[in-house]
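Just so you know, these numbers use all the heavy atoms, side chains as well, and skip hydrogens, waters and symmetry mates. All values derive from a computational prediction rather than experimental measurement.
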2 protein chains.
Amino acid sequence: MPEDKAGVSSSSTGRNLRYLVSHSTYLAAIGKIPDTLPTHKRTFMKGHDLIHEGQRGQNAYLLRDGWACSYRILHDGTRQIINFHIPGDLVGIRRLITFASDDNLCAITRMEAEEISVDDLSIALRGNSCLAMSILWSAFRDEAIVTQHLIDVGRRHPINRAAHLFLELGSRLNLAGLGTKTAFECPLTQSLVADALSLTTVHFNRVLRQLRELNAMTFHDGRVAFLDSRKLEHLADFDSSYLR
Amino acid sequence: MPEDKAGVSSSSTGRNLRYLVSHSTYLAAIGKIPDTLPTHKRTFMKGHDLIHEGQRGQNAYLLRDGWACSYRILHDGTRQIINFHIPGDLVGIRRLITFASDDNLCAITRMEAEEISVDDLSIALRGNSCLAMSILWSAFRDEAIVTQHLIDVGRRHPINRAAHLFLELGSRLNLAGLGTKTAFECPLTQSLVADALSLTTVHFNRVLRQLRELNAMTFHDGRVAFLDSRKLEHLADFDSSYLR
DNA sequence: CGTGTTCTTGAGAGTAATCAAATAGAGTGG
DNA sequence: CCACTCTATTTGATTACTCTCAAGAACACG
């Protein structure tokens with residue numbers, strides 16, 4: 001508990017010294033990358049891979065419209081979906097450093113994205129520590145999301161797991177200015193969600209029925225509706241602070 | 001597959017433009033942080049939390065000796081271990097931006113670490129884009145490790161899952177200059193490993209027996225020995241490239 | 001109208017959790 | 001030095017949950 005050696009760096013000073021700003025500031029900074037860098041508007045068909053495993057990546061993408069997901073296919077053919085990506089997300093920046101992106105990235109719907117050369121981004125980063133901090137923020141946020149996903153898959157029962165995923169998607173969409181507090185358009189199939197939750201499609205279908213029968217939420221016809229957010233949050237043990 | 005619009009930014013130019021350097025270069029840069037920043041040598045007792053959930057973090061830690069783990073405790077009391085940390089790892093940097101660290105960090109053994117004020121680190125980052133890239137590298141690497149962990153827990157059978165974790169630890173220790181190709185000191189309990197693998201201690205114990213009976217590996221008395229690395233790598237579907 | 005995909009439900013099999021208990025070892029205090 | 005405690009490991013028996021296999025229903029698309 002003893003945490004300080006006298007108040008040279010008081011907490012308020014600390015806050016000023018650090019680049020600590022709000023979610024929306026970072027989000028805005030990411031969204032404004034195209035104002036400072038040459039980008040290239042691209043459209044991807046549903047089902048097309050934006051980034052393919054092993055492919056030497058030269059580009060990152062700022063998603064503008066549509067959904068995508070990052071995933072891995074294992075030896076036995078099973079798929080693990082790592083994360084779903086929505087408009088406003090910056091994907092593929094790991095290529096700034098690691099060269100080969102280890103995750104595949106697939107368009108779930110028709111997608112509009114701005115292609116950013118990682119070389120250009122790298123140059124811009126050098127002189128612009130504000131941009132660098134935004135990229136770092138984006139990386140930390142992705143890590144926090146994957147960490148939550150690991151906790152979800154590792155330690156929550158299927159019904160709680162599903163509740164958590166949908167609540168997270170709802171929060172992220174809200175922060176991106178999409179959907180409402182209690183409903184959102186969700187272009188995922190049951191098979192996609194099941195592969196994210198590490199369940200079979202059959203079992204996820206039964207879980208959805210349970211959630212419906214509890215009057216907690218519904219998911220059909222490309223739309224998620226929260227019937228009882230309180231109940232859902234309780235089921236999921238959900239705290240959205242990691243998203244902000 | 002069509003990937004380029006003529007070779008203005010050829011791949012070799014690209015490589016120079018980016019900060020793409022080897023693992024060891026980044027690792028060295030992280031290890032040299034104390035040369036450029038004031039740090040504070042600290043020792044933690046086994047079982048002590050270096051970082052506690054919700055605590056307002058002012059410090060990051062560069063681990064010098066001993067093992068730690070980051071973890072979360074869920075409502076029902078179950079624990080998910082997110083990652084094990086070994087000497088050379090930089091932990092707690094998420095606090096540069098997110099303020100509240102969401103993971104707890106606990107010393108598994110007696111630990112020696114260098115405490116780094118995130119304020120100091122933040123200031124240093126501004127003028128030093130090389131340091132910034134090293135921090136970014138560290139963040140990406142952590143994300144890659146958590147992602148592999150998610151795939152492990154989500155889609156691999158317990159025996160393959162265990163094999164993967166031990167191979168990863170072996171590789172990371174090797175890269176940090178510890179252990180040999182076929183054995184390393186491993187101060188974890190079965191209970192800790194089980195909580196990382198999302199298995200019960202009882203079941204992990206049976207998995208260990210299977211691995212022993214397959215003559216693949218052993219883990220007892222604080223020591224892991226790979227008896228048949230080929231067999232293990234095949235079991236785990238292991239590719240160490242995400243660690244480099 | 002046929003084809004393919006997604007969703008839904010049923011029945012049975014198999015795996016990991018739970019419950020229970022014995023063993024072993026380290027550390028403590030009398 | 002020995003009894004005692006606490007933790008870690010190991011094994012067995014039973015339960016429960018999720019997967020697998022199978023098939024039908026709903027719907028979109030050409």
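By the side-chain hydrogen bond (donor to acceptor under 3.5 Å, both in side chains) test, A:Asp49 pairs with A:His52, A:Tyr71, sequence neighbours left out. With sequence neighbours excluded, no residue forms a ring-ring contact (aromatic ring centres under 6.0 Å, His included) with A:Tyr242. Applying the side-chain hydrogen bond (donor to acceptor under 3.5 Å, both in side chains) test to B:Thr180 and every residue at least two apart in sequence or in another chain returns nothing.
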Contacts under 3.5 Å, N or O only, protein and nucleotides 26-30 of chain D:
none

Quiz prompt | Under 4.0 Å protein heavy-atom contact, by nucleotide of nucleotides 4-13 of chain C - B base, S sugar-phosphate only | solution = ---SBBBB--
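Nucleotide D:dC19 holds its C1' atom 10 Å from the CG atom of A:Leu199, rounded to whole Å. Atom NE2 of B:His157 is separated from atom P of D:dT18 by 16 Å (rounded to the nearest Å). Distance NE2 (B:His203) to P (D:dC17): 17 Å, rounded to an integer number of Å. We find that CZ of B:Phe204 is positioned 13 Å from C1' of D:dA8, with the value rounded to whole Å. For the pair B:Leu192 CG and D:dT7 P, the interatomic distance rounds to 14 Å; values are reported in whole Å. Rounded to an integer number of Å, the gap from B:Arg161 CZ to C:dT15 P is 14 Å. Nucleotide D:dT10 holds its P atom 9 Å from the CG atom of B:Asp221, rounded to whole Å.
In summary, the aromatic rings of B:Tyr61 and B:Phe44 are positioned with their centroids under 6.0 Å apart.
A:Ser198 comes within 4.0 angstrom of sugar-phosphate atoms only, judged by non-hydrogen atoms across all strands, and of no base.
We find that B:Asp65 and B:Arg110 are not joined by a salt bridge, their nearest charged nitrogen and carboxylate oxygen being 4.0 Å or further apart. A salt bridge links B:Arg64 with B:Glu114; the closest basic N to acidic carboxylate O contact falls under 4.0 Å.
Across A:His40, A:Lys41, A:Arg42, a single residue satisfies side-chain hydrogen bond (donor to acceptor under 3.5 Å, both in side chains) together with A:Glu115, and that is A:Arg42.
Listed by first then second residue, pairs satisfying salt bridge (charged side-chain N to carboxylate O under 4.0 Å, His left out) with a partner in residues 158-170 of chain A read A:Glu168-A:Arg172, not counting sequence neighbours.
Under the 4.5 Å side-chain criterion, counting only non-hydrogen atoms from C-beta, A:Glu143 is in contact with A:Thr147.
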